[in-house]
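Here is the structure we will look at.
Nothing fancy with the numbering, it's 1 onward along the sequence.
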Amino acid sequence: MTEERRNATETLRRILRDMDPAKAQEIRQCYYAVMDHLRPLADLLEIEDLNTGDEPGGILIHEHLLAISAIDAMSRSQLGAAL
């Protein structure tokens, strides 16, 4: 982990520690709910793209790729490390 990422994680930890505990818990729950469901959503969209009567590579695979992009974006976030 780079110094910049370490600093970001520590800043987030401090902010979360100092905020209203109920709000910090709400952030924590939302973050984990999103992370728990993004991969299954992406996988289901990919599978259903293959199962649909339409030409594979249609709208469902487009949505799959957007979900994968969201997973990639969240993996760059320091929030998970701070929680």
Side-chain angles (χ1 to χ4, degrees):
M1 184 183 294
T2 67
E3 184 70 23
E4 184 178 335
R5 288 178 68 86
R6 262 192 301 279
N7 289 340
T9 300
E10 287 308 314
T11 299
L12 282 166
R13 283 184 180 142
R14 180 184 47 77
I15 290 169
L16 289 163
R17 183 180 54 244
D18 293 346
M19 75 172 46
D20 174 65
K23 287 295 176 191
Q25 181 62 20
E26 187 176 1
I27 290 169
R28 188 174 296 106
Q29 289 172 334
C30 288
Y31 175 85
Y32 286 119
V34 166
M35 295 309 290
D36 286 346
H37 291 94
L38 270 174
R39 175 60 63 185
L41 172 62
D43 292 346
L44 284 169
L45 290 166
E46 182 179 30
I47 290 165
E48 288 310 308
D49 177 68
L50 296 172
N51 292 336
T52 183
D54 294 339
E55 179 89 15
I59 190 70
L60 290 178
I61 203 67
H62 173 75
E63 296 298 325
H64 160 79
L65 293 172
L66 290 173
I68 293 296
S69 295
I71 293 167
D72 290 343
M74 293 305 291
S75 71
R76 291 188 304 272
S77 167
Q78 290 305 108
L79 188 56
L83 295 172

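- Remark: side-chain polar atoms of Thr52 are not paired, donor with acceptor, to backbone N or O of Glu48 under 3.5 angstrom.
- Here CG of Leu38 is found 10.5 Å from CG of Asp43. Values are rounded to the nearest 0.5 Å.
- Atom CD1 of Ile27 is separated from atom CE of Met19 by 4.0 Å, given to the nearest 0.5 angstrom.
- The closest donor-acceptor contact from the side chain of Arg13 to the backbone of Ala81 lies under 3.5 Å.
- Linking ILVMFWY side-chain heavy atoms closer than 4.5 Å, directly or via other members, places Leu16 and Tyr32 in a single hydrophobic cluster.
- Once rounded to the nearest 0.5 Å, the distance linking CG of Leu65 with CD1 of Ile68 reads 7.5 Å.
- The line from CG of Asn7 to CG of Leu12 is 11.0 Å long, rounded to the nearest 0.5 Å.
- Here the straight-line distance linking atom CG of Leu41 with atom CD of Glu46 works out to 11.5 Å at 0.5 Å rounding.
- At a threshold of 4.5 Å between non-hydrogen side-chain atoms, the residues Leu50 and Ile47 do not count as touching.
- A single hydrophobic cluster is not seen to contain both Ile61 and Leu44; linkage of ILVMFWY side chains at heavy-atom distances under 4.5 Å, directly or through other members, places them apart.
- For the atom pair OG1 (Thr11) and CZ (Arg6), the distance works out to 12.5 Å, reported to the nearest 0.5 Å.
- For the side chain to side chain donor-acceptor pair (under 3.5 Å) condition, the pairs that include at least one residue of residues 64-83, sequence neighbours left out, are Arg5-Gln78, Thr9-Gln78.
- Under the 4.5 Å side-chain heavy-atom criterion for grouping Ile, Leu, Val, Met, Phe, Trp and Tyr, Leu66 is not connected to Ile59 through any hydrophobic cluster.
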